[in-house]
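Single-structure report; data block below.
Both counts, for ligands and for their atoms, begin at 1 and track the order of listing. Please read these numbers as outputs of a predicted model, since none were measured by experiment.
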Amino acid sequence: MNSKYLDLLAQKYDCEEKVVTEIINLEAILNLPKGTEHFVSDLHGEYQAFQHVLRNGSGNVKGKIEDLYKKVLTEKEIKEFATLVYYPEEKIKLIKNDFDNERELHQWYTVIIERMINLISYASSKYTRSKLRKALPDQFVYIVEELLYKTDEYTNKEPYYTKIVQQIISLGQADKLIIGLAYTTQQLVVDHLHVVGDIYDRGPEPDKIMDTLINYHSVDIQWGNHDVLWLGAFSGSKVCLANIIRICARYDNLDIIEDVYGINLRPLLNLAEKYYNDNPVFRPKVHSDKIVSEEEQLQITKIHQAIAMIQFKLESPIIKRRPDFKMSERLLLEKIDYDRNEITIHGETYSLENTCFATVNPEQPDQLLEEEEHVMDKLLFSVQHSEKLARHMNFLMKKGSLYLRYNGNLLIHGCIPLDEEGNMEKMVIENQTYAGRELLDTFEYYLRHAFAHPEETDDLAKDMVWYLWTGEYSSLFGKREMTTFERYFIKDKKTHKERKNPYYHLRENEEICSKILAEFDLNPDQGHIINGHTPVKEIDGEDPIKANGKMIVIDGGFSKAYQSTTGIAGYTLLYNSFGMQLVAHQHFNSKEDVLINGTDVLSVKRLVDKELERKKVLETNVGEEIIQELSILNSLMEYRYMK
Ligand SMILES: O=P(O)(O)OC[C@H]1O[C@](O)(COP(=O)(O)O)[C@@H](O)[C@@H]1O
Ligand SMILES: [Mn+2]
């Protein structure tokens, strides 16, 4: 090993004891049970439901409480305690209302603090003390450690501990301590979170999900098609930008654009008012719990049309300048007979309904009006100068990737494009042919390039981000073509169907899954593919566990808009040292419902895979890193201190 490097390292480990301590510490960590991984996907702006799943660790919190207290507490008491751990601030307030006097309240504090300490002690049993310390509430670390490490043998210390608790209560610190301990518990039950894509679109609060993830102790993200659309817009792709605004208009979420990210929609509204009227197919899908005035709905309907038409126009030049995308079938504005109000697609002619072509020049249908161009320039400027959006997009890039190999598993939002025979589908980009892992690496290369060059708007990298949203061989889209235009303007439902990549039926097959795992250099006998993107229709009896357990699809639909088709409110996955469990979640009503009634939306857990022997850190990605660190530290030891 390079001696300069070791000299540098010796500045940190400036005596033998420091190196030895670190080596012993790391060796010990390798032998601890592996931490719990938590997988979620397709959050689609449903912040409240996501918060709940995060706070209860997909049932992990309650599981631990039950392990400890099943025999001594009633079901109701367990629920109450669990709710206190999930939503400590609110629950404390509610509970306090129930007490008539201080004495009762103090008694409650004493019992609860002890229970919390027990819970933390249990939940942290597989971690080092140092890791636990980092998870403890800052201002109470010393006190909590005193309480945690009391052992029964030292009963003579009992009054000392009782005194500490009494002091905390009488100094008015009990609420703060309980709240801090609740968050520590939440953190301890999940060591690492994977978000398998689609944080954005359809639901109302993706920004709050991003803030939560930014503050989360350990997380990675596999981008979904909706996430790359936002990344594309921020990177300078106008067609991606038109898409995100169109989707926000469609789901009545324009306040995300305007109020949350501070993007001025006034110029777009002016254009919309000038050219568009009411139109039933462009009416927003209004949330059931939100009142939107008729006037506002009409405004959104107009914006929705204005931005949809801009989007369709912007698609054409990309399709023309990128023959590699093979999307000429999607040059729809050119396939319209504007006199007869008809379109011919795939050789069949359909009449068009609810059209809004006021800004389209039939001679040059993809040409933007000067006003439209102006609006897009302004919007893009505004988007690229939103401080909050910049923070969120930077985080998405930093923690995100198109796929992830983690602890032997492959995490991917959409698919690995396959042909009918199960071969990796090929795509030619600039005279080079790519397939499988190489194709995904190429896509990711372009996405990162696009993000690094926000000043470019029409280069290949930028167009490629849009391709990831909608292209046939995109690993995120996974369908033949996106029929947005058809769904707005053609009645015949058969034109609305989006044909899925063969991957989606071939993934039922164990051999195919093994082949994919091998393509990503993972052990097919042990690995799993963890997939999001397509809602599992439990209603129709679809099984999220496929290919003899090798394929696990965890999009059960957090998205409220899709819950009627899935029948549930999402799946999540837990992977701890004993194995993998799939958790199905029932529809999440509201935080208030949980607080008052203790309703937990969780339902059945299903075992996916059981480890034959408890898995240790040694066998994980983190373990691999530690082994490398150990080898460096051993070199340092020899070089510096063992001469
Ligand atoms: O339901 P909507 O809003 O019309 O969106 C439908 C579009 O969303 C997509 O399903 C992509 O979104 P998902 O990644 O959530 O599936 C497209 O395939 C489809 O065209
Ligand atoms: Mn998706």
Side-chain angles (χ1 to χ4, degrees), residues 40-46 195-204 206 209 221-232 239-240 242-254 256 280-287 300 304 307-308 311-312 315 327 330 332 354 396 400 402-403 411-417 443 465-490 493-501 503-504 530-537 553-566 569-571:
V40 302
S41 92
D42 297 84
L43 304 171
H44 282 300
E46 296 297 340
V195 182
V196 195
D198 278 356
I199 294 163
Y200 278 88
D201 289 335
R202 300 206 179 106
I209 296 180
I221 299 165
Q222 293 71 56
W223 300 310
N225 46 338
H226 291 270
D227 305 323
V228 298
L229 203 52
W230 281 74
L231 286 170
V239 73
C240 290
N243 262 291
I244 64 171
I245 298 176
R246 180 184 63 78
I247 296 171
C248 280
R250 178 167 161 74
Y251 284 88
D252 184 25
N253 284 326
L254 284 173
I256 298 174
V281 289
F282 286 90
R283 282 257 157 180
K285 292 173 186 274
V286 180
H287 308 272
I300 300 169
H304 190 180
I307 200 67
Q311 178 198 313
F312 296 136
E315 290 172 356
M327 288 176 76
R330 301 306 299 164
L332 297 174
N354 301 307
L396 202 51
L402 215 44
Y403 66 88
L411 283 59
I412 169 116
H413 177 72
C415 70
I416 307 300
F443 285 146
V465 183
W466 176 69
Y467 185 85
L468 274 172
W469 162 247
T470 192
E472 180 176 9
Y473 299 139
S474 154
S475 58
L476 297 182
F477 179 46
K479 296 172 190 164
R480 174 74 189 84
E481 52 191 352
M482 195 175 287
T483 59
T484 313
F485 180 96
E486 290 87 327
R487 274 178 285 125
Y488 285 131
F489 301 122
I490 303 176
K493 283 224 159 64
K494 83 168 185 281
T495 65
H496 301 181
K497 194 152 174 50
E498 295 179 348
R499 199 154 41 86
K500 288 190 181 139
N501 183 276
Y503 169 89
Y504 289 99
I530 295 154
N531 213 179
H533 188 50
T534 46
V536 178
K537 295 183 177 153
V553 187
I554 59 170
D555 179 9
F558 269 90
S559 180
K560 280 203 185 114
Y562 278 48
Q563 282 172 9
S564 56
T565 64
T566 60
Y571 293 103

Atom 13 (P) of ligand 1 - nearest protein heavy atom and its distance
H226 NE2, 3.4 Å
Name the closest protein heavy atom to atom 11 (C) of ligand 1, giving the residue it belongs to and the distance to 0.1 Å.
N225 ND2, 3.5 Å
N, O or S atom of N225 closer to the Mn ion (ligand 2) than 2.8 Å:
yes
Sub-3.5 Å N/O-N/O distance, R487 and ligand 1
yes
Starting from atom 1 (O) of ligand 1, locate the nearest protein heavy atom and write down its residue, its atom name and how far away it is, to 0.1 Å.
Y562 OH, 2.7 Å
State the atoms of ligand 1, each with its element, that fall below the 4.0 Å cut-off from a heavy-atom position in D198.
14 (O), 15 (O)
Given side chains that start at C-beta, do those of F558 and D198 come closer than 4.5 Å, heavy atoms only?
no
Distance under 4.0 Å to a non-hydrogen atom of F477: what atoms of ligand 1 satisfy this?
18 (O)
Is there a polar contact between ligand 1 and H533, counting only N or O atoms under 3.5 Å apart?
yes
Looking at side-chain heavy atoms only, is the closest gap between L402 and S475 below 4.5 Å?
yes
CZ (R487) with more than 12 external heavy atoms under 6.0 Å
yes
Taking the side chain as C-beta and beyond, is there a heavy-atom pair between L396 and I199 under 4.5 Å?
yes
Evaluate the ring planes of F485 and F312, with Trp represented by its six-membered ring, and classify them as parallel (under 30°), tilted (30 to 60°) or perpendicular (over 60°).
perpendicular
Which class fits the ring pair F282 and H304: parallel under 30°, tilted 30 to 60°, perpendicular over 60°?
perpendicular
Within 4.0 Å of some non-hydrogen atom of Y251, the atoms of ligand 1 are 1 (O), 2 (P), 3 (O)
So, 2.8 Å as the limit: is an N/O/S atom of H533 located closer than that to the Mn ion (ligand 2)?
yes
Region of D201 that comes within reach of ligand 1 [heavy atoms, distance under 4.0 Å]
neither
Nearest-contact summary for atom 10 (O) of ligand 1 - protein heavy atom, Å
K479 NZ, 3.3 Å
Would T484 count as being in polar contact with ligand 1, using the rule that some N or O on each side must be under 3.5 angstrom apart?
no
Are any non-hydrogen side-chain atoms of N531 and I554 less than 4.5 angstrom apart?
no
Does any N, O or S atom of D198, backbone or side chain, fall under 2.8 Å from the Mn ion (ligand 2)?
yes
Given K285, H44, E498, R202, identify the one with the heavy atom nearest to atom 19 (C) of ligand 1.
E498
Quick one: which ligand 1 atoms are inside 4.0 Å of a heavy atom on R250?
2 (P), 3 (O), 4 (O)
